[in-house]
Each structure stands twice: as C-alpha cells, then as structure tokens.
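Working notes for the structure below.
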Protein chains: 4
Amino acid sequence: MSDESARNRLRTLRRQFHRYPEPAWCEYYTTSRIVDEVERIGVDRLYIGTEAYASEHRMALPDSATLREWHDRAADAGARSDVLELTEDGHTGAIAVLEKGTDGPTVVLRVDIDALPQREANDSEHVPSVEGFRSTNDGVMHACGHDAHITTGLGVLEAVSRSDEFDGTFTLIFQPAEERAGGGKPMALSRHTDDVDYFLGLHVGLGHPTGSVVGGIVKPLAVTNFEARFRGESAHAGKNPSQGRNAMQAASTAVQNVYSIPRHVDGMTRINVGRIDGGTAPNIVAEEVRIEGEIRGETNEILQFLRAETERVVDTAAEMHSCDSEFEVTGEAPRADSDPEFSRTVADVAREHGAVTDVTETSEFGASEDATYLMKAVEEQGGTASYAIIGTDHPAPHHSSRFDVDERSLGIGVEVLSETVTALSSRQ
Amino acid sequence: MSDESARNRLRTLRRQFHRYPEPAWCEYYTTSRIVDEVERIGVDRLYIGTEAYASEHRMALPDSATLREWHDRAADAGARSDVLELTEDGHTGAIAVLEKGTDGPTVVLRVDIDALPQREANDSEHVPSVEGFRSTNDGVMHACGHDAHITTGLGVLEAVSRSDEFDGTFTLIFQPAEERAGGGKPMALSRHTDDVDYFLGLHVGLGHPTGSVVGGIVKPLAVTNFEARFRGESAHAGKNPSQGRNAMQAASTAVQNVYSIPRHVDGMTRINVGRIDGGTAPNIVAEEVRIEGEIRGETNEILQFLRAETERVVDTAAEMHSCDSEFEVTGEAPRADSDPEFSRTVADVAREHGAVTDVTETSEFGASEDATYLMKAVEEQGGTASYAIIGTDHPAPHHSSRFDVDERSLGIGVEVLSETVTALSSRQ
Amino acid sequence: MSDESARNRLRTLRRQFHRYPEPAWCEYYTTSRIVDEVERIGVDRLYIGTEAYASEHRMALPDSATLREWHDRAADAGARSDVLELTEDGHTGAIAVLEKGTDGPTVVLRVDIDALPQREANDSEHVPSVEGFRSTNDGVMHACGHDAHITTGLGVLEAVSRSDEFDGTFTLIFQPAEERAGGGKPMALSRHTDDVDYFLGLHVGLGHPTGSVVGGIVKPLAVTNFEARFRGESAHAGKNPSQGRNAMQAASTAVQNVYSIPRHVDGMTRINVGRIDGGTAPNIVAEEVRIEGEIRGETNEILQFLRAETERVVDTAAEMHSCDSEFEVTGEAPRADSDPEFSRTVADVAREHGAVTDVTETSEFGASEDATYLMKAVEEQGGTASYAIIGTDHPAPHHSSRFDVDERSLGIGVEVLSETVTALSSRQ
Amino acid sequence: MSDESARNRLRTLRRQFHRYPEPAWCEYYTTSRIVDEVERIGVDRLYIGTEAYASEHRMALPDSATLREWHDRAADAGARSDVLELTEDGHTGAIAVLEKGTDGPTVVLRVDIDALPQREANDSEHVPSVEGFRSTNDGVMHACGHDAHITTGLGVLEAVSRSDEFDGTFTLIFQPAEERAGGGKPMALSRHTDDVDYFLGLHVGLGHPTGSVVGGIVKPLAVTNFEARFRGESAHAGKNPSQGRNAMQAASTAVQNVYSIPRHVDGMTRINVGRIDGGTAPNIVAEEVRIEGEIRGETNEILQFLRAETERVVDTAAEMHSCDSEFEVTGEAPRADSDPEFSRTVADVAREHGAVTDVTETSEFGASEDATYLMKAVEEQGGTASYAIIGTDHPAPHHSSRFDVDERSLGIGVEVLSETVTALSSRQ
C-alpha cells in the first residue's frame, strides 16, 4: 500500500469514527468498528468487554436506560451482533495482542475511544460539517480527538504487525470512558498490565501544532470526578414555604462555595461543577438537586485537600438548608509522570521523521488523563511508561464545538509511534 | 339515585381521575373522561380545546415532544380519538353549558384539571396506594385535589341539570394548567366570560377540615412564574478554566440572590426556584443553565417589585460571569378578592347543610390561583365573583407526596355548590 | 403659663435633646438633662440607673471603652457630676414617680431616650440644620423621634403634676437602648412594673401625619437582635492560602444565606444584617469577622423559627470554612398587642381634642418595640397596656438622615396623653 | 569588635525593632531608630522621607488621623523630633549612601521596615513573649521578619563602611509599606534607582531553615491590592426593608464571587479579601460597606485577567443590589525575576561561609514583593538585580501570631551579603 493510499485510509477511518461519536461506556458501535479493523489486520488475541478489564471497577457508568438506548442505537446503525452481545451493559472497549516473538519486550500502546456530550458546530467554517462527517449523534461529539487516537492506534497495530524488526509482544488497549476518568482504573486492575516492559499513552494536539512531537508529558493533574446529591423535602412554595427543606438553596450554596475553595501553595488546582439538575416545578420547593463536577490538583496531595474541602462544602451546604447529602466519586486518575529516558527515545525517533519540525523531550501537561492509572500500574511492576503528544493544528480548543484535527498528523503519529515500538525492541 | 349511590359514584369518579394524573396542557385522557361524563349528563353546548379559550394566550406550554408523549400515552390508555383530535398540541380542557331558561342569571363554575410533577407515596399509610388508585403515571400526582375539583364540578353539573329551581344559564369550565398559572389567562380572554352574572371558583382543603366551608377567599397572592436561561461558553475545565464563561456560576449566584430579595412592608412575598437544569459533563465549563421559579406578592404592586428585582438579579448574575441571560414569564395570575355578598350567599347556603359544622364567610388565602384572571374579567363586565373553599381532611400538605382528600367532602361540595347556584337564581 | 409659651417650651426642650443625641446605654448627658427637668417639675420619687431597672438584664451594652468615651464627652458637655456618677458604666435612664393620691389607679407612661448611629443630613432642606439644632455628635442622630418622646413625656409629667383630676400614682419611665432592643427587658424585670393598672407606650409618626392619633397598636413584630462571630485562622494569603481558615468566606456565606431564610406562612418576617467588621489586611486571610443583625416575626413562634434558621446558617457557614462561630442574642422584644378597651379610651380622648382630625382605635404596627416586654409584664400581673401613636408629619422615613418631626405634634401629644391619664383615673 | 559582641549587638537591635512594630507609612519611631544607627555608623549622605522617594506615588496611605496617632505615639516613645518633623504625614523611610570610591560599582541593598496588623502571641512558647521583646504596640507585629531585615541591612552598612575591599557606592534603602505593596513604586520612581549597577533585595525565612541561602528568587507573583466600596441607601429594616439599597448584600455577593474567579491555565493565581467593614446598626439597612483585598498572578497578564474579573464582580454585585461601587488600586507590584548570574554570585559567596550548609542558586518564590518595582527600574537602566533569601528557622508561618526568627541568621545574613557587595566590586 502506497503512502498516499495509507494516508487516505487513515483519514477515511478517522472520519468514520468522527461521524459516530458515543459517550463513556456507550461505545458499542465504536467497539464494533474497532473489532472489524483489528480482525482485518489480524492479531493473535483479542479481548472484548469483560475480558479486557476488571469490570467491577468501572466508574461513571451511566444508568441502564442510557446504556440500553445507545446499545439499541448501535444495533440500528449496523453494529455487529456478536460484539453487541459481548459489550452489553456498558462493557465496551477491547484489547488486541500481537505476539511477534519472545526476544523483544512487551510494549503496550493505549488509546481512548469515547466522545463528549457536546453539540458539534454546523456551519461553513467547520470542516466536518462542510465535508460531511459531522456527528450523526446529536449532542455528542469527538471534541477531544479520540477519533484520531483510535485511528492512530489501528495504524500502529497494522505497522507493527507487518514489521520484521519487532520481536516482542505488542498490546493495543482501546480504553472506554477516559473523559469521565472512569475507564483507566478497571484497565489498570486487569492482568493486561502485568509484566509490561513499556507502556505508551498518546494524545493529539493540546496546543502543539502539526509537525511537533512531545516525547513524554509530566505534571498531568490528578483528578477526581464527583456527583453530589442534595435531598430535602418538597412543599407548596406559596402555602408552606417554611415547611419545605430546600435542596435548590443547598445546591446553589454548594456550587458557589466549591468554586471558592482556596488556591494551594504547592501547585495548580482546578474546580468545576459541570452539570446540575433538580426540582420538579416552579411552585414546589425542590426536593432533590444533583450536581456533577471535578477537581484537579498538581499533586495527589493537593487533590486530597480539594476532595476534603469539597466534601465539607457539600455536607455543610446541605445541613445549612436542613437537607441530606451524598457525595460519590464517579471517576479518578492519579498523577504519574513520563519516564525521562523513555520520553527521550520517543523524541529521538521523532527527530528522524521528515515531517516532524519541532521535538520536545518532556512537556508539562496541565490537564488530566486516566492513562496515569495504567502508567502507575506498569511502573509498580518494574516497567517504564511515557505519554506522548503528536502535534496537530486544531482550529478551536479541545472540548469546544469547533474542535477538529489536522489529518496530516494521523500519518505522522502512526509512523513515529510504530518506529518507537521498534526502537524499544532494539533498546532491550 | 340514592344519596348512597350518588356518593359512591362521586368516589369512583374521583379515584379514576386520581389514578390518571396529567401535567399542565397534557390533560388529554382527563379531558376525554370529562367529555364522557358531560355527555352522559347531557348538556346544551360543549366546547373542547381551541373552542374553549384564546389558545394563543396559553402560558407554560411544554415542548412539542412532551405534548406528543402524553398524547400518545392517553391514546394507549384508551382516550377517545375524537377528543384526542380536538385537543392535540396542548389544547386540553373543555367548557360545558346548560341552558335552563332565560329568566335566571348566567352562573359560571370553574374547576381546574391538571396534576403535579410529584411522585406519589407508595406505602401502607397512603390510602390511594392501599386502595389501589395510586397514580399510574409515575412522577405525576394529583397532589392538590384537582381530581376532587373535577368530580365536584361534574356532580354540580348533574345536579343543576336535574334541578327545577334554576332557570338561567349554567356554565362549567374545566381549566387546564392551573398549577403553572398558565390556563387562567386564555380562559379569561375567551368569550365565555362575557356577560356572566356570577363566577364561582372552588378549592378543597387548604387546611380546612371536612365539614367546614369558606364562602369566599380574599387576599390570594398575585403570582408570576418565570424561566431564566443563562448562556455562557463551554471550555475544557482542566485546560482552559479561564476561557469559558461559566453559566453554572451565573445560575447559582442568581438562585442565592433571588431568594434574598427583601421582604416588603406592604405585605407578604413568596419566592421559589423550583427547577434547575444545565451543563453537560463534569469536565466542561457549563454553557447553559436554565432555572424555573415563581414569585408571589400580597398585592399586584408587590409582585411588580419582586419581578423587577428578580429580573435585575438574573441580568447582573449573568453579567458577573460574562454570560447572557433571558427572562421569560411562563405563567401569571393577578390578585382578585371574592365579593363579600356573594361569599355570604355561599356561607348562608352552607349553614343550612346538615354535614357542615363550621362556616366562615371570608378567609385569607395565602396562596395563588389563576382563577383570579377569570374573576377580574367577570367583574370588569359587571358580574360578581367568589372563590369558595370546601373543607376536607388531608393527611399531608398540598403538593406533597402523601396528600389525599376525605371523600366525604365530595358530596358536601356538590350539594353546597349546586344549592348556591339555585340560590343565586332566586336572588336575581 | 400660656399655651403659646408652653408650646415654645416643648419645642426648645425637644431641640436641646435633638442637638445632643447619644446611642444606646450612652445617654449620660440626656439623662442628666432629664433629671434637671424632672427636678424642676418636682416629683415624689426619682430613680436613676441601677435603681431604675434590673441592671444585669441589660442587652446590647457597648464595650467599656465606648461607655467611657461617651461618659467623658457628656462631662465635657456639662452633664451633672451627681448624675454621671449614678449612671456610670452604662446605667443611663431614669424613672420619675408622682404620688397624687391613693384613690386612683397606677398609670405608667414609658418613653425611650436613645438615638441612632446615623449621620444627620446637613443642608438647606433639613430643618434641624437650617435652624441650628442639628446633631453635635457626629454620626449619631435622633432619627426616630425619641427626642420628641422625651419631650412629650416631660410635658405629660408636668401636666399630671398640676392636675387636680388625677388621684393615683403616675410613673414616667425614661428607657435607654430601645433601638437595640436592649432596655425593655431590664425595665420589665424591675419592681416598677409591679401592680400597675395601666401601662402606656408612645411613638410619634410612623407614617401617621400631624393631627392623627392611633389609640393602640397591634401586631408589632417580635424581634431578636444578634451578633455572630466567625473565628478562623490567619495565614499569608500569597504564601499559604490553603492553610488559613477563612472567616471572611464564612461570614459572607452566612450573610447571603441568612437573607434567604424562607418566608413564613403564618405572617411577616424581617431579616437584616446591619453591621459587619473583620479581618486585618489585604494580604492576611481573615481570622475573625463579626456581623450584627436582627430578625423579626409577626408572631413569637415565627421569631423562634427565624432564630433557629439563623443559628443554623451561622453554624454551618462557619463549619463550611473550617471556622468556629458564636451566636449571641444582643436584644429582644416579644410581640404584645394593645388592649382594645384601653386603645378606645385613648381614641375617645383624642376625638375630643380640637387639633386632632383623624383618630384610629387600633392600627397594625409592622415594626418592633421593646416596650412589649413592659406590656407583657404589666398584663401578666393583671394590668392592661396600650401603645399609642401621636401622628406627626415627617419629611423622610424613620432611621434616615433627613428624618424630622413636626413640632406642633408635641403639644398635641402632651394634651392627649395627659388627658388620657386623667380619663383612666375616672374610669377606675 | 569581636564576632560575639557583633552578634549580640545585632540581636539587641533586632529585638528593639521587634518591640516597636509600626504599620505601613507609620514607621515613625522605626525610622528614628534607623537614623540613630546610620548616624552612629556614619554615612556620606542620608535622605529621609520626601527626599528618599517620589512621595506622590505612595499607595495604601492610611487616613490622616491614623498617621497622626502613630506620629504622636512615636513621639511619646521617644522618637527624635528632627526625624519626626521630616517624616510627618506618612513620609517614613530613609536612604543611606556610602561613597567608598569611584572605581567600583554602585550597589543598592533594599530592606523593608513595616510591620503587620497582627496581634502577637503571648505565652510561654513564644520566645519574644518569654524573653521580653514582644510587641508593645498591641495589634501590630513584626510577623514577617522585617525587624531582621532592618537589622541585617544596618549590619551590612557597617561592614561595608569598614571594608577596604569595596571602592564603589553603596546605597541602603529602608523602604516603608512593603506589606501593603505601597512603597516600592515611589522608591522606584525616585532618582535613587538611576545608574545603579547592582540591586539586591533580601528576605529571611520563607520556609528556608537557618544555614541555607538562596542566591535569587524567580517567579514572584505579581500583585494588586484593592479597595472596593459599596454604597446603597439606609432604611429602617423593620418598617421599610424593600426601600433600602443594601450594601451588605452587595458586598457579601462580591466576596463570594471574587473568591470563585476561575483558575488560570498559564499559572498560579491568588485571591483574598482581607478586610471588611460597614453598616451602622442591626436595624438599619447598611448604606456603605468597604472591602480590602488582593489578587496575585504568576504573570503580569494573569494579574490583568484577575483585575478585570474582580472589577466586574464588584460592579455587578453592586448593581444587583441597586448600589453604587468604587474600585481603587491601593498597592501594586509587578513580577520581576532575579538575574541568574547575579544569583550565582550570591550563591558562590554563600558557599564559602562556614555556617552555610545549603545553597540554592535560584528558587521559586510563590509570594509577592514590591521590591520588583525597584528591580525592574534598575534593569530598565541597564543594571542587574537579584533578590536573595537568608534562611532562618521560624516556628510558625509568616503573617501568623507565632512567627519568630532564629537570631543566628542575622550574622549569617550580614556576612554573606556584605561579602557579596565586595565580590561585586571585584567582578566589575
């Protein structure tokens, strides 16, 4: 296959995934398409759903009605029934393994596959809209480039499968629910992170333009996603305003005070309440209000501080308005830094690539990633880990309705990362 | 028909309505059952939907998907197809007219027919649950006695139709969407309030036990229902927290400050934010949050004050967080007091009733009612209006999950009100 | 003395008191001037300071430095050293007793003597400024008419002392600290409320113009004044923002949420936080913030509800920000209504007065008064009580910088109230 | 003078300054004592007050009553009348100049001299309390080590004056009002920063223990101090709650929302509201409330963002409650980093010192300093600047009531810094 046709193939694939974005743990159709491609390439072992991870550690799982709805929708869209059966009840995702020999190392590449609850732009300035591959699932969008990640992963799998230079085991993890920090932990707690020599994560963009590569990121923010529920008592707002216990006031007091948790001397913090929902009618004192949010910290200790503060704000805001409250962690990822030597290896490979014009060995991350669970798991067993960035021009920030990637970066990513896998083999 | 069988009939009817509660403008099945009963009784004219009121003045109309869903559900439950056709797109409700003669007055009785978005209690202490007529529409409940209102109205219609003593025109209005203060205005702006001599509204309970009757209420609170929408800009909460414009913070600041609008020297005020909904995910700065609430005042002037304050809080809370906002009135009812003489007439009739042990001529109301639109419309054309309370024991407050009525009050209500209609005839 | 000269005398006296306003428990100079006048009139007994009330029940007492400062200032202004000695340490106020005979009743008239922490207007539209009797104590002002109350009280004392028609005991109470609801309780707990037949309180204005008289007020709001202190821990706001415990955030959360305590179905509520003070410097996390406020309710039960809510808001706001809190009641007055017959007696007398053009027997009050402590104490021992309003034109609301009274109302007040005292004698 | 006696002298001096702390622009006594010492040492030129800086650029100047009070107090404490005359009206501070030759460079050392509004601990665990040099100005405390800075500066002055190895100009700046970020700007805008070759700032402690030295700090936070005033309209909180315009609610809304200004992707932020004061009495709607606070950012751009957000919160919080607002900048310091070579010079000198066990060339600062104004001014004219840290054990954080320094660090500081001055001479 010529370079040109390989690049066309990557672009086509990426656009297929872009057109069919699915939220966390609902990646039924996406998993089905991944399995198609993996089977086309041919691997030694393929694990789907419950075989791929420790199912009981999934976080941020939607309710069963939502899971069912996306499952049905995937079926309507033509997802394979065998895959739909294996992935039922939010068991999306897969792991593909190539056994190329026993002399080389065990190398894991992990990509994430979920999309975001974001409506995609629909006008003449947004390329996916103009060129006909805009999201067909209204209100959901690949606004963080995971469509490119899946595509790059598949490209690397194909390249390694054809390579004569790699004589170890190559594992490709397709992880669900990264956006909710819900899929990293169950993956990390599976046997697939045992005895791994090298673990590599991957992200496109993040402000790095096409042609740039970062060997490894450091200082990702540790993150906790939470849901808090405030329960009071409804009452007729006109007749008995003082008899209700007002969950609306509890929640709004909590939101205001969560945002005002102090900055921390030891590093960056982030706080967001991204969802709220509650009450039933204008004339009824709200009985229940639910908020969803996240906190991030530059260190695991800062995150602990933020969590204790957040829980106290939730508790006391509820008590202030005579309500009860519950606080639940719905997603989590620790901080883990890339290994400097591993990062240098990626950077060295990148420097040899003709289309790469700007290489950085390590870069600070500033966001969060539950790949860190996998990085820590691998490192605890003696392996090393890195998390690379493949630059791509993006016309709008990640998580916004106009996000898009420069498809030239797909080929660069595939080549740099597959050559890195080979290079690791010879390093051993 | 014996008294006993009449009472059984009222109870059966009320329980049928109780089992099938429908929210504002979605009373499709309810209207169908009303039409059945009206036709059984036999009337001279029957207006359904668009014929009954000024359709363009409906407020608090749900979105078309919701209307459609309840329409379909009513069809499944066995609502008549002719009625479903006439009431499509939120045109529920009806008006029945008996023309008994031209010597007597034109008397209007108005009852409201909608239910509340409240989950009904389901245990051994809640009679509707024990006796098998608990709501079959999960999350919706007749928690304010409108099931009893419909039943009482039908009972009065039947009694007047059989009466020899009434020789005027009797009109029975079945008004939708009272709970959202959305149906009174379109009814008031229809021709059915023209040339009315006596207008009578009706409520059960409100703290008055079985055996008590209030001839007319005064000082109902004027009410405005509103919806406010805050629109900011989404952003990745970890990467770009300062680039978003946070609608969540705008909304929570607004909620806190709406509740703290000052008390008023000239009378009672009420404030409630009863619904909130917004944002998409924990890690995205919320782009849009929507709140629904109500304000009430003892006078129309106080209500104007509250509205100006509420609008300013919404505007400035949005601006504080660089968001845009919209403020929309979704329901409204002015203050209107019962006529003292009319109230006395009701009270005088009640005093003659054997089962009535406690009669009050006028009582302060303390809640709101969009029957006041009809009262004002009738009064402006020279008629007089009153709004009576038929006492009923209720084990829990209105708008709560354990609300229920004492069914003995159904017969009392029918008898007192139908005799009032007759008495008005002779007063003329 | 001619009517004209009597009226001039009242005006002169009122202006003297107006020029020298003193805050609660600091009325040293005022008490000294009162004693001068009482001695000039001549009474049988005169109690000053500790002899006048139960000193240990004083509320809202300023700190000793403030008491000392006002004491010194009064000395500088020419207050009598014997009175200054008796009133030291916040023991201001006095009680004068006329024993005119044993046949008649014991009648008590109570006036309040303190001023407000309000800067007085100083321009050509404000009469006290133009005519040279504006406050000489900057930042303190007789903005509620207590200067007129003292003057009226002294006028009644003089009239009763000269009267041949009154043959009982007449007691005139000069109560400190009404504005802080701090002086009523100690007065009520003294022996001077024992065996009283009639207790009469007095206020000018309150929206009633010159020439109007209200025989007795009903529905005064029960009131509680409070102080809440939030104590956290200071820290360098730049170096250790997360190590402090921020009393500023605790206090601002409390203020916002105190104002949003729900309205009450049983009647009016009032909430105000009128003072705040705390922290030391921009770059130090605030260690202590103090707020002062008041809550009022139409019934004593509503006040209990407000107090429980306020205390809970204070507690939980402190806890939310890891602070400690203290809640202290600094003033209090219950609700007590005027006796209808007593009110009618005042009204009947007023109707006979040539300058009185508008008489109301009872009127709703809408504000608070710690005279209610005295009213309740007298009623509990079998006496009856009323609280009259002497109308006066006032160009601006009470408690504002442009408040003033129409001095014609001084004469009316003296005449109506002294004739009421006489009338009570004959009623006996 | 022996080392031992030199060290005793430094300790004695530091304790004198510690016993008499004065707040920003009120350092009258402190300046007088400084002048004493400078004169004892002997310098070529001495500038006091208006001669030392651009007086019109002073920020955070207290009101004249406060200035007067501290001026009087300093006089009572024995400050020299000639110095008191020169420093009147908040013209504290001084500059001493040694002209040792024209061959060497012009070196400036700057120390800050003000104390903090913090009550000092008073118990057996606090050394200044036990050993009798606790603050005698109640509520004010040297809680940030400026007493040690003054002492170290004087020690360096004496050492340089006696040195044969330095043949340039040595200028020692005693800057007022560093804690309020109010004194750096006027110093920077004076001619004393003209033609300076080396500028050196100094801080003790900041978490660095005795025996450690940091050659130069980088990344100090840019800071703006602000005052915001909310003006509404007073009203009787019981009678007319809705007529007032409530500055208390405006201020508390602002405080809550200022703290919740978003984190910034480009670096650290700090927010604090450290002072609040307003309202007059519990029963008066507050007419005016004033807050003082600070914002800090890792870059000057972040600071601009924070300032725009803070101003908008203040404006809209006022508008929300129908109040007016004013926003005033009361102190400011930009970010300026130490020159790496200059830092290395300090570090090299420190490494030679016997008592120094731990040397860092550059360290991140994390707090703010208005010495940065001077650093930038010097650099703009071609000089180089650094800001060194002399480690000292401190039992409690800076700005807390138990802060203290290890007096052994005084000698180390004097020696390292005076040898640095000499070393700069030879580097030239």
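A, B, ... follow the sequence lines: proteins, then strands. Residue 1 opens every chain.
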**Message:** Sub-4.5 Å heavy-atom contacts with chain C: which residues of residues 263-270 of chain A show up?
**Reply:** A/R263, A/H264, A/V265

**Message:** Is any side-chain heavy atom of C/H321 closer than 4.5 Å to one of A/N257?
**Reply:** yes

**Complete:** Across all chains, not counting sequence neighbours, the side-chain hydrogen bond (donor to acceptor under 3.5 Å, both in side chains) partners of A/N225 are none

**Asked** Which members of residues 305-320 of chain A, sorted by number, sit under 4.5 angstrom from chain C on a heavy-atom basis?
**Response** A/F305, A/R312, A/V313, A/T316, A/A317, A/E319, A/M320

**Complete:** Assert top hit (heavy-atom pairs under 4.5 Å, partner chain C, pool A/G238, A/P241, A/P262) equals A/P241

**Request:** Sort and list the pairs that fulfil salt bridge (charged side-chain N to carboxylate O under 4.0 Å, His left out) and have at least one residue in residues 274-285 of chain A, not counting sequence neighbours.
**Result:** A/R275-B/D277, A/D277-B/R275

**Fill in**
dist C/S242:OG -> A/I302:CD1 (nearest 0.5 Å) comes out at 8.0 Å

**Prompt:** At a heavy-atom separation under 4.5 Å, does C/Q256 approach chain A through its side chain, its backbone, both, or neither?
**Reply:** side chain

